[in-house]
Every structure is written in structure tokens, then in C-alpha cells.
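Worksheet: one structure, shown below.
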Amino acid sequence: MDRFMKRAVELAAENVRDGGQPFGAVLVKGDEMFTEGVNELHHTYDISGHAEMLAIRRAQEKLGTHDLSGFTMYASGEPCPMCLTAMYFAGIETIIYCGSVEDAAEAGLEKSAYIYKQLQKSKTTRDISMKQMPLEDGQEDPMKLWQNERR
């Protein structure tokens, strides 16, 4: 196990001792640990306060960019769908993880496995109700406004 994964696992273990969940993450550029994070849900009550999300936020703030191309995420556990999506949006190309989503479910942390299964379903068969509401006649379309502003 390399030093980056060792650090991610160490962060996860420290977080458990602090009353949190067993997740730690280290964002790496080249051979440098750039930022890190642990799940802070037990302190912040922010459901998006996952280890990977915090490492990403800290790196983007530090660099003043959304683009994290060329970075590698080391995570003590397989990223949840939210964290994975954030990594796609940020341009992170490589994710290395230790424990799987199935391992997490066996430990009693089954939300990620559940959500991954939900995402495989059609919108109409998911457990959460999703309904599209069209714009009203004459209402400004933010998507078209954004598209026109970019030209």
C-alpha cells in the first residue's frame, strides 16, 4: 500500500475514533499530497460533507479553479455516487480506493449501494419521486440565457 492510501486509511481510522464514519480521502497531484478530508457529517450536519467532497472543495479553493485534471483521488472507501459525480465534474481521472461499497454495506453503511442501485433504474421506478415542471409562457429560460451569454 502506498503512502497516499495509508494516509487516507489513517484519516478514516482517526475519524472513527472522533465519532465519525470510516472515510478519509487524499487528493494527489503528481507525487504531492495536495488536500485531504474526512467525513464531517457528525460535526457539521452537512450531508455533502464527505471526505472526497471536502478534499475537492479545498483543492478548488486553493487553486481558484473547478478543473482538477491530472489529480488522483485516494479514498479509504469506494466513493459514493455524490462524490463520484463531483470527481467527474472536477475532471479527476483516477480514483484509487480501499474498501468497496459492498464492504461499507456489510459494516452497516448501505446508502451508497442503495443509491447506486437506484441510479440504474428509470426515473419513474426510483424510490424518490421526480417530476419535471416546464417553464411558464413568457418566463425567461435560464438555460438559453446561459447559452447566449457564452457566445
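All heavy atoms count here, side chains included; hydrogens, waters and symmetry mates do not.
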Does a side chain donor of either D67 or S69 reach within less than 3.5 Å of an acceptor in the other side chain?
yes
Partner residues of [X] under the side chain to side chain donor-acceptor pair (under 3.5 Å) criterion, sequence neighbours left out:
X	answer
S48	D46, R57
R58	E40
Q21	N39

Between E78 (side chain) and V101 (backbone), is there a donor-acceptor pair under 3.5 Å?
yes
Do the side chain of S76 and the main chain of V9 share a donor and acceptor less than 3.5 angstrom apart?
no
Between [X] and [Y], is there a shared hydrophobic cluster once you connect ILVMFWY residues whose side-chain heavy atoms come closer than 4.5 Å?
X	Y	answer
M73	V28	no
M53	M87	no
L109	M82	no

Listed once per pair and sorted, the salt bridge (Lys or Arg N to Asp or Glu O under 4.0 Å) pairs that draw on residues 94-113, sequence neighbours left out
none
Hydrophobic cluster of L41, others only, ordered by chain and residue number, side-chain cut-off 4.5 Å:
I47
Test question: given the 4.5 Å side-chain rule for I, L, V, M, F, W and Y, name all other residues clustered with W146, or answer none.
none
Under the rule for side-chain contact (heavy atoms from CB on, under 4.5 Å), what residues qualify as partners of [X], not counting sequence neighbours?
X	result
N148	R151
Q139	L135, E136
E36	R7, L11, V26
T125	K121, S122

Give me each pair satisfying ring pair (Phe, Tyr, Trp, His ring centres under 6.0 Å) with a member in residues 86-138, each pair once, sequence neighbours excluded.
none
How would you list, by chain and number, every residue that makes a ring pair (Phe, Tyr, Trp, His ring centres under 6.0 Å) with F71, sequence neighbours excluded?
F34
Would you find more than 12 non-hydrogen atoms of other residues, nucleotides or ligands less than 6.0 Å from I128 atom CD1?
no
